[in-house]
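The structure appears below as structure tokens.
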Amino acid sequence: MKETDFTSNFEKNAFMKSVLPTFTTTFLSLLLVFVFGCKQENNTETSAELPSKKEKEPEAPKRPISDNFKEYWYAGEAEITSYQLKQARYGELRDGNAVMIYVTEPFLSKEQVKANNSNPDNVSVIKLNATKNFLTGIYPYSIMSSTFYPVYDNQHALKTSLSVQEWCGHVYSQLNNREMFEFMSHSYFEGEADQNFTMDKATLENEIWTKIRIAPENLPVGDITMIPSLEFLRLRHQEIKAYQATAEIASKDGITTYSISYPELERNLMIHFTSEFPFSIEGWTEEFKSGFGANAKTLTSTASKIKTLKTAYWQQNGNNDLMLRDSLGL
């Protein structure tokens, strides 16, 4: 080996011995800072931004289903009832019509949609599709709500939704019953455009209309908290939450009236139904302040029954079935 080669190798080895410890120490220090720094950051994110899951409420016992209930609601038909409507809007009463369509169907509690196939996990529900149609001057209003309520009357509605269409625009709201109530809404109004949040569970006004058809004796009475109908809250631009309310029930001449009063909202709702099974909804009365500014006044909306049909309407979609609308007075 040449002397120059030996000298060169010796210098390289000396250089590596002097640099390597420093490099190793620096690298390990940076690695530790990176690891522990990331760990600390992740811990902060978890505690600050990810709320702990609320424990699932224990399911109440299932209410037994009577033979009368099975014969009426599991006959492969829906119950369709039409109503003459006088609806308060913008400080005036509007003539229109309302329709309530009740039908039982299997429901997937996880996906929260109608089940296409038989499954042990399906939940049997009464579905209510309720519509209102009326004119405000030159332009029409079309309102529809859907509520899915377990026939066993052992928990809150699994889902309720609302859509409103009129010439100014349209809105959609939905509430899902999971660990908590999950609410989402889309609107063309500033401040209401897109909402998505959870809230504690409370009795839903939307579910009262289905609970009446199953077990009116179990309706909540006295001083209660209740989430008003999605329709009222949207049309009056009120906060989506549970409000203090007082509920009463009384019967006279074969008709039972369930009354709800919301002091904070200055609103009273009275639902009239037959005192005997199948507890048919005969009509309703709703008092609230309608209009804005100087035009605001307390008005009374009413609905009175026209006709009820029990039929499989989903099979009656031909032009020759249009006459059935005449029989409903629509």
Side-chain angles (χ1 to χ4, degrees), residues 78 80-103 105 112-114 127-148 157 159-176 182-197 204-210 227-240 265 267 269 281 283-284 286 288-292 295-296 299 301-304 306 313-314 316-317 319 321-322 324-326 328-330:
I80 307 169
T81 305
S82 55
Y83 301 86
Q84 182 179 359
L85 179 68
K86 289 197 176 291
Q87 180 67 42
R89 188 66 177 149
Y90 302 131
E92 296 183 70
L93 288 175
R94 319 293 179 153
D95 291 325
N97 61 67
V99 181
M100 289 187 145
I101 305 101
Y102 286 95
V103 65
E105 62 184 26
Q112 302 221 323
V113 293
K114 179 183 177 182
K127 176 179 71 176
L128 168 60
N129 284 336
T131 67
K132 290 180 180 178
N133 292 275
F134 54 91
L135 300 176
T136 50
I138 191 174
Y139 63 94
Y141 259 82
S142 179
I143 302 172
M144 180 173 175
S145 63
S146 294
T147 301
F148 304 81
K159 178 180 179 181
T160 186
S161 61
L162 168 78
S163 60
V164 181
Q165 303 85 37
E166 39 97 1
W167 284 5
C168 294
H170 63 108
V171 300
Y172 180 80
S173 301
Q174 181 171 300
L175 186 148
N176 295 83
E182 299 176 0
F183 178 79
M184 59 82 71
S185 180
H186 301 288
S187 169
Y188 62 90
F189 285 103
E190 182 180 2
E192 297 176 354
D194 298 290
Q195 299 182 62
N196 198 330
F197 58 87
L204 295 160
E205 183 185 310
N206 286 87
E207 71 190 12
I208 291 296
W209 302 82
T210 44
I227 299 174
S229 72
L230 298 185
E231 173 191 327
F232 176 82
L233 294 174
R234 285 296 86 191
L235 294 182
R236 294 297 302 165
H237 306 288
Q238 298 293 321
E239 183 181 357
I240 308 295
L265 299 173
R267 174 173 176 254
L269 173 66
I281 306 293
W284 61 89
E286 183 182 13
F288 61 93
K289 189 168 286 187
S290 177
F292 303 96
N295 294 325
L299 295 176
S301 300
T302 59
S304 54
I306 301 174
Y313 70 87
W314 50 89
Q316 298 160 338
N317 49 28
N319 287 332
D321 295 314
L322 286 171
L324 293 174
R325 292 187 61 82
D326 295 333
L328 287 166
L330 299 174

Hey, could you give me the [atom1]/[atom2] distance between [X] and [Y], rounded to the nearest 0.5 Å?
X	Y	atom1	atom2	answer
Ser145	Gln174	OG	CD	12.5 Å
Ile281	Leu128	CD1	CG	8.5 Å
Leu233	Ile240	CG	CD1	4.5 Å
Gln84	Asp95	CD	CG	7.0 Å
Met100	Lys132	CE	NZ	8.0 Å
Arg236	Leu265	CZ	CG	9.5 Å

query = Under 6.0 Å between the ring centres of Tyr102 and Trp209?
reply =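 Between Trp209 and Tyr102, which both carry aromatic rings, the centre distance is not below 6.0 Å.
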key: Any side-chain donor near an acceptor of the partner, Ser229 and Asn206, under 3.5 Å   = no
With distance as the sole test, does [X] use its side chain to make a donor-acceptor pair with the main-chain N or O of [Y] at under 3.5 Å?
X	Y	value
Arg234	Ser173	no
Ser142	Gln165	no
Tyr313	Ile101	no
Glu207	Ala157	yes

key: Stepwise side chain to side chain contact (heavy atoms under 4.5 Å, CB included) check, Leu85 with Asn133   = CA-CA 8 Å; Leu85 179 68; Asn133 292 275; over 6 Å; no
On a heavy-atom basis, which atom in [X] and which in [Y] lie closest, and how many Å separate them?
X	Y	result
Ser82	Leu330	CB-CD2, 4.0 Å
Ser290	Ala88	OG-C, 3.8 Å
Ile306	Leu328	CG2-O, 3.6 Å
Phe134	Gly96	CB-CA, 4.1 Å
Asn176	Gln112	ND2-OE1, 2.6 Å
Phe148	Glu105	CE2-OE2, 3.5 Å

request  = Please check if atom NE2 in His237 has more than 12 non-hydrogen atoms from other residues, nucleotides or ligands closer than 6.0 Å.
outcome  =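 Count over threshold, so yes.
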Over 12 foreign heavy atoms within 6.0 Å of CZ, Arg325 =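 No, CZ of Arg325 has 12 or fewer neighbouring heavy atoms, counting only those of other groups under 6.0 Å.
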message = Just so I know, are the side chains of Trp284 and Ser301 near enough to count as touching, which here means a heavy-atom distance under 4.5 Å?
response = no
inquiry  = I'd like to check Tyr141 versus Leu235 (side-chain heavy atoms, cut-off strictly below 4.5 Å). Are they in contact?
reply    =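 Touching, per the 4.5 Å side-chain cut-off.
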Aromatic plane relationship, Tyr90 with Phe292 - under 30° parallel, 30 to 60° tilted, over 60° perpendicular = tilted
key: Ring geometry between Phe197 and Phe183 (parallel below 30°, tilted from 30 to 60°, perpendicular above 60°)   = tilted
task = Please step through side chain to side chain contact (heavy atoms under 4.5 Å, CB included) for the pair Phe232 and Glu286, ending with a clear verdict.
result = CA-CA 10 Å; Phe232 176 82; Glu286 183 182 13; 3.9 Å; yes
ask   = Hey, are Arg89 and Glu166 close enough for a salt bridge, meaning a charged N less than 4.0 Å from a carboxylate O?
value = no
